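As a basis for the values below, the full set of heavy atoms in this structure was taken, side chains included, without hydrogen atoms, waters or symmetry mates. Remember, it's a predicted structure, so these values are computed and weren't measured experimentally. Each chain gets a letter, A, B and so on, in the order the sequences are listed, and its residues count up from 1.
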Amino acid sequence: MMPREAEIAIIGAGIVGLCAALELARDGAEVVVLDDAARHAGTVANAGSLHVQMQSRFIRMYPDQVPGLERSLPLYVAAARRWAELEAELGTGFELKASGGLMVAETPESYEFLARKCERENRLGLTVEMLGRAELARIAPYLGEAVIGAEFCAEEGKLNPLLANQAVRRALLAVGGLLLPESRVARIERDGAAWLLHHAGGTLRAGRVVIAAGAGTGALLAPLGLDVPTVAEPLHMNVTEATAPLIGHLVQHAERMITLKQLAAGQCVIGGGWPARLAGAEQHPTVEASSLIGNLRLASHIVPRLARLRLIRTWAGVNTTCDGQNILGEAPGLPGLFLAVPGDAGYTLGPLVGRLAAAALQGRDGGFDIAPFSAARFRAAA
Amino acid sequence: MPPDMHLTWHDADGVARAVAFRAGQSVAAALTSAGIREMRATRRGLDGEGRGLFCGMGVCQDCLVELDGTPNTRACMAKATPGLVVRHQPFPGVARLPAGPVPIPDDTPPPAPEAVDLLVLGGGAAGLSAAIAARRCGLDVLVVEERAALGGQYYKQPSPGLDAPPLDAQHAQGAALAAQAESSGARILRGAELWGAFEPDRIAVFDGARTRLLAPRALIVASGAYERPHVVPGWTLPGVMTTGAAQTLWRSHRVLPGRRVLVAGNGPLNMQVACELAEGGATLVAVAEAAPGPATRLKDAIAMAVADPALATKGARYLAMLARRHVPLRHGTVLTRIARSPDGALRVTLRGAWGEGVHETDAVLLGYGFLPSQETLRALGAECVFDAARGQFVPRRDDAMMTSVPGLYAIGDCAGLGGAPAAREEGVIAALAAAERLGRTVPAAIAAEGDAARRRLARHRRFQAALWRLFAAPRTGLALADPGTVVCRCEEVTKGEIDAALADGAPPLGEVKRRTRCGMGRCQGRYCAPLLAEHLAETQGRPLDDRALFAPRAPVKPIAIADIVALAETP
């Protein structure tokens, strides 16, 4: 039966919504999670990179966001640790491995750029170091000759999101959380001190609500008078056939759009933020020829042995972008509505952001000052 | 004349042996001829056995071997050559260093696509007929065919280089059609891999050396069909293959699938192949047909004979030939289980109203009908609808064979399994429509042929309708699978694992895939997804619409990254 009332409703069964629900349900709250399974959100399409160091792509693309990125840096360290804790807590392996991450440079200029970034990150408390060609040849012999050096971050790594998502989902169901996977919320309406969620299967009245709807968050808040400029960014991913251990680290590039890693079962996952195309709300996002070719051309340049592997599948998912930073805490002027939208590398941040949102809802200190991440910043800008 | 060429086979234990083959044969044919059935290991090793030849046509991706150091190569699509080193494929394979120069990345976009009036995807009965007709209308035509030989799965021409005369009229007709296509002035890319259908005017094809981006002004998809899976315990065992795979072994390579052969399925192809293999010297253990005998459906048998007396006579001849050879033909009988017997043979259980029987055989041929290869059509956005009677998704088409996408035509079996005679007529009709659409004046004589093609098509369709009423049988879907039976061959996902996922919140197909990995493998879900979609429709009431299957995406089939990035410049 469709529930009509809930103590807490969570919009979005992505990694953020599931983790927030898990925290709240573990504390005894009655939690209902609503989701639109038909739409390709970030979590179901995510490839499982755990990002910790600042991604140079964002530094280059959005230089005005650098102060925000630097402020968020401690959260990424904590988020990667939270993932490891979560795997241990749930007792289900999700192939998480802190393999370390390499951000590679091909020119002296980009090596210098990374060296400056490395120094700044060290000052901010991150354990990172620069590696030259000789050290790379020892720890990452799979890299092509074009790579002259890299910034190494030991805390980066990878996991299998297919396993992780299911583990969290099952844990939530086990502690009594209710999941309505095909119940897309179309509209939120105030009802006294509570909120009405009009969804595909009816209407749910909830005392408090967590909005963890990724790119869909802005559209839910706009009718309530709050402008949160979340944007859906459709991205392209590739996976190869399985091969013997080849790529030991999470590999990124100082200048170009690439992420490379190898899953536990041997497949290599190639991504890096190449664009896909939204074909319409009810359609699957579409893979573009130029992204597919460009992404693979770059991948086989960085790791030449990839060229001999077959591409098995490509897929597209929707990433959420806003201003690069988390959107967290009670929505200004909307008491009882809590926001939980992670910043860049949202899947990495997911369990931590879910936990911080749950703490905010319970009025607890989650261990981080989330005031800078309030949606109030969009009001001030407007 | 004894074969005098050899390749070297290394089995799972690394033991090497010489395998003789005839010029023109595939690696799979050579191995089968030598009695080698298991070609690769799997990740999970369920059933305690690996895999071998299954579809025989490059679709299932099960007959993978390491070929001269290149892992995971399809034995059915590779030609045997003297001195070739073929190894049993362990899991996973090992990526070798690329042989050629390392690609240089640059930020320049891919080269502009190559323009062509008409691109025909598929060189079978439908595609060749379309290419010939389009050339006669003066169109610039490019045909892309995955195999070295033209003719497709109906005409199954002898593999190029095989010194063997045509077996029968069907072979001769195919040879004539291929010769006509070759002399038509159409450019034909053989051994070319279509790997990406991004837009109707952006098609990516690897021609054996380079990837070419093609921008056709009209596109005809003639991608044929592949066998509907028959999911029973043991259907993944080496030695179990599709009826089509066995027919290719015999007609294209002159190799029998085994000394003793059991054929089980639904439809006339099974009887034809049983006769061909018996003629070729195989011992037919039994032929099991799911439909009841024709005597119980006389009305449909008569309607079929009226629509096409020649084809109906051909069918009757097959029945007579099986009877003459004392091959047990059991109607109303379904294969329910395959197991390995202690002496290495396959032990097959057949079940019918008459009871249950067990047979021992060397090879099992499964031919439970076909599924249209519509992944390219779906990728290009052609609207597909579910044909409940035949249990297949088919593109919606107008009278000129055009899909819901302007300028995109679908002909032959990929558009709904009409058989080769209908496919040829559809090719003519679509080609003339494409020519008119591109502003060509179709000469009166050719237009008249179009009218004749329409009349003949109507008759072929009457024949097909009666044929499939005669052969109508319930689809068993997943009902014969045990909990331990593999449903997704590539990722080795069992029926029990799928049931467990379905019991947990009745998830849609995409979520079943993410939870179980069903459909995530090399064949792109071609075998498991249609069955699973129908299962979800029955058990969860989900609509069988465009979104009932997985999102169709590149690559169409797995392809080496080196081949994708080896971009040709626009000529």
Chain B contact via [X] - side chain, backbone, both or neither, heavy atoms under 4.5 Å:
{"X": "A:Ile270", "value": "side chain"}
{"X": "A:Leu311", "value": "both"}
{"X": "A:Ile302", "value": "neither"}

Exercise for the section: Measure the shortest side-chain to side-chain distance between B:Ile561 and A:Asn238 over non-hydrogen atoms and say whether it is less than 4.5 angstrom. Expected result: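 In short, these two side chains do not touch, never coming nearer than 4.5 Å.
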Exercise for the section: Flag the pair A:Glu182 / B:Pro508 as yes when at least one side-chain heavy-atom distance between them is below 4.5 Å, and no otherwise. Expected result: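 Yes, at least one pair of side-chain atoms sits under 4.5 Å.
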Practice task
Report the option among B:Met520, B:Arg43, B:Glu511 that has the most heavy-atom pairs separated by less than 4.5 Å from atoms of chain A.
Solution key: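 Looking at each option in turn, the highest pair count goes to B:Met520.
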Exercise for the section: Determine the option with the most heavy-atom pairs under 4.5 angstrom with chain A, choosing from B:Ile564, B:Asn72, B:Thr70, B:Val94. Expected result: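 Looking at each option in turn, the highest pair count goes to B:Asn72.
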Is a donor on one side and an acceptor on the other found under 3.5 Å between the side chain of [X] and the backbone of [Y]?
{"X": "B:Arg515", "Y": "A:Gln166", "answer": "no"}
{"X": "B:Glu199", "Y": "A:Glu288", "answer": "no"}
{"X": "A:Arg310", "Y": "B:Arg522", "answer": "no"}

Checking [X] against chain A: side chain, backbone, both or neither under 4.5 Å from a heavy atom?
{"X": "B:Ala197", "value": "neither"}
{"X": "B:Thr73", "value": "both"}
{"X": "B:Ala554", "value": "both"}

Exercise for the section: Could you give me the CA-CA distance, side-chain angles and deciding distance for A:Arg313 and B:Gln524, then say whether side-chain contact (heavy atoms from CB on, under 4.5 Å) is met? Expected result: CA-CA 8 Å; A:Arg313 274 181 289 128; B:Gln524 317 274 21; 3.6 Å; yes
